[in-house]
Amino acid sequence: MWITKFTEQLGIKYPIIQAPMAGSTKPELVSAISNAGGLGSFGAGSSDAKMIRSAIRKIREQTNNPFAVNLFIPEKAVNGLDHVNQINSLMNLYRQELRILPPSDDTQIPVQSIDEQIEVIIEEKVPVISFTFGYLDPTRVHELKRNGVIVIGTATTVQEAVYLEQCGVNMIVGQGSEAGGHRATFLGEFNSSLIGTLALIPQIVDSVNIPVISAGGIMDGRGIAAALALGASGVQMGTAFLTSKESGAHEKHKEAILNSTEEQSVVTRTFSGKPARGIRNKFITEMERYNDIIPGYPIQGELTKDIRKAASEQNDIEFMSLWAGQASRLSRCLPAKEIFDSLITQTESIIKNLNKYS
Ligand SMILES: Cc1cc2nc3c(=O)[nH]c(=O)nc-3n(C[C@H](O)[C@H](O)[C@H](O)COP(=O)(O)O)c2cc1C
């Protein structure tokens, strides 16, 4: 049952990816999952080439098994540009509350060079690259594949999945609307691309000829068995590993997830300008009334950076971006290997007992 097109292509034991989560997927987490027989992923979207090389080497010190590095496809903000100063002044209220000074006017947006990031991935012979927020052009995909790298794109609709397949990727992560973190949507409107995992995966499976990996709301063996039944060749799980001991998430973020319920989950643009799913807090509730004028990604992310940093230093969850999926109630704080091993045991038992009356 564990042999799928995904495990075959990657040469790994179990079709489970620990989702890349920029800022939280430390080498210790990535290697723990790869050592356990899954695919650990390092979220490198906001890292420069030097940081990526150092993380790759740290991962390699701890595992000989395959792992993935994940990148963000760069984009330019398109909306709300006229309101940057207005939104920034509105947020001074929170800066006062956090006792920090307003930033200077010349906010610079650091854009990581995807060319340099990819160069490191090729040079360091990373076995798998995944990406989100867009597509890599076919020439680039071909170059990666020619260098032995397996390429995984992320889609939130059938249209995006078909587009990525045409660009030449090896596999597709289908990200359902339950998923924690940023929406990967890159074609069409965000609102009409909020498709639940149960509806999205079989429709993508029917529309492409490459392996599909299911993401969004999968926390235990029940979710894994369901995804395989939908035709997925694997799963990608973020929130389930975000609260693990090895995760680099802030302790207060982990605590908030462990104590959260599904009703607290919300998709918001307030922190970064790009819709992302997390736990509702004061910042979201108060800022969402300005949704129409909040600048687009990555500008809003840069404007809120000092607020998020101060909140994190002061352990104040009301101003931190508490990204998490809708099934956060099922999260557990355990070593990553224990979480992983229990996923395997549960899935095997569920599949064995599927035909029993429930
Ligand atoms: C804290 C957090 C950070 C994330 N960062 C990334 C990222 O850097 N790159 C990416 O492709 N996906 C990222 N995601 C989305 C995951 O890849 C995945 O789609 C999601 O976690 C699946 O839903 P789940 O959290 O319910 O398992 C992030 C998710 C979370 C919760």
Side-chain angles (χ1 to χ4, degrees), residues 16-26 29-30 33 39-47 52 55 68-73 112 117 128-136 151-156 164 169 171-186 193-198 200-201 212-220 223-224 226-227 232 234-244 247-250 253-254 256-257 260 262 265 267-268 271-272 274-279 297-298 301 308 312 320-332 339 343:
I16 300 174
I17 305 181
Q18 157 260 310
M21 295 179 280
S24 300
T25 39
K26 291 195 301 185
L29 175 59
V30 177
I33 299 302
L39 186 76
S41 333
F42 177 68
S46 38
S47 308
I52 298 177
V69 171
N70 174 268
L71 299 180
F72 298 156
I73 303 298
Q112 304 303 346
Q117 291 173 316
V128 183
I129 181 176
S130 65
F131 59 84
T132 184
F133 305 162
Y135 62 92
L136 280 176
V151 185
I152 307 181
T154 313
T156 57
L164 289 170
V169 302
M171 299 177 192
I172 288 164
V173 169
Q175 187 193 44
S177 56
E178 300 92 323
H182 284 96
R183 304 293 305 145
T185 304
F186 61 94
S193 306
L194 283 166
I195 321 295
T197 306
L198 194 69
L200 180 67
I201 299 305
V212 177
I213 295 144
S214 176
I218 302 172
M219 299 292 287
D220 57 22
I224 298 174
V235 296
Q236 175 159 298
M237 302 168 62
T239 306
F241 293 113
L242 195 58
T243 51
S244 68
S247 149
H250 194 290
H253 185 175
K254 292 187 189 180
I257 295 175
S260 66
E262 63 285 6
S265 184
V267 175
T268 182
F271 278 111
S272 68
K274 183 189 277 296
R277 183 176 288 288
I279 300 168
Y297 172 90
R308 288 180 285 124
S312 159
M320 286 162 62
S321 47
L322 304 170
W323 304 141
Q326 273 180 325
S328 58
R329 208 193 267 271
L330 303 173
S331 56
R332 293 170 299 162
I339 297 178
L343 296 175

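Side chains included, hydrogens not; waters and symmetry mates left out as well; all remaining heavy atoms used. Each residue takes its place number in the sequence, starting with 1. Counting starts at 1 for both ligands and their atoms, in listed order.
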[Y] backbone acceptor or donor facing [X] side chain under 3.5 Å:
X	Y	value
Gln175	Ala184	yes
Thr243	Lys254	no
Ser272	Gly301	no
Ser214	Val235	no
Ser193	Thr156	no
Arg277	Ser177	yes
Glu178	Ile218	no
Arg332	Ser244	no

Closest to atom 15 (C) of ligand 1 (heavy atoms only, candidates Ala249, Ser321, Gly23, Gly180) is Gly180

Note: heavy atom closest to atom 23 (O) of ligand 1, options Ser130, Gly45, Ala179, belongs to Ala179

Could you tell me, atom by atom, which parts of ligand 1 come under 4.0 Å of a heavy atom of [X]?
X	answer
Ala22	5 (N), 7 (C), 8 (O)
Gly216	22 (C), 23 (O), 26 (O)
Met237	27 (O)
Gln175	15 (C), 19 (O)
Gly181	29 (C), 30 (C), 31 (C)
Gly238	21 (O), 24 (P), 25 (O), 27 (O)
Thr132	9 (N), 10 (C), 11 (O)
Gly325	26 (O)

Any N or O of [X] closer than 3.5 Å to N or O of ligand 1:
X	answer
Phe131	no
Asn70	yes
Leu242	no

CD1 (Ile279) and OG (Ser321) are apart, to the nearest 0.5 Å, by 11.0 Å

d(Ser130 OG, Asn70 CG) to nearest 0.5 Å is 3.5 Å

Between [X] and ligand 1, find which residue part has any heavy-atom pair under 4.0 Å and reply side chain, backbone, both or neither.
X	result
Phe72	side chain
Val173	neither
Met21	both
Thr239	both

Can you tell me the protein heavy atom closest to [atom] and the distance?
atom	value
atom 16 (C) of ligand 1	Ala19 CB, 3.7 Å
atom 12 (N) of ligand 1	Pro20 O, 3.5 Å
atom 17 (O) of ligand 1	Gln236 NE2, 3.0 Å

Notebook entry, point to check: Does Thr154 reach ligand 1, in the sense of a heavy atom lying below 4.0 Å from it?
Noted result: no

**Prompt:** Judged by non-hydrogen atoms, does Gly217 sit under 4.0 Å from ligand 1?
**Reply:** yes

| message | Testing the 3.5 Å rule here: is there a donor-acceptor pair between the side chains of Ser265 and Gln326? | response | no

Open item on the list: Would you call the rings of Trp323 and Phe271 parallel, tilted or perpendicular, taking 30° and 60° as the class edges?
Closed with: perpendicular

>> Students often mix this up, so state it plainly: with edges at 30° and 60°, are the rings of Phe133 and His182 parallel, tilted or perpendicular?
In response: perpendicular

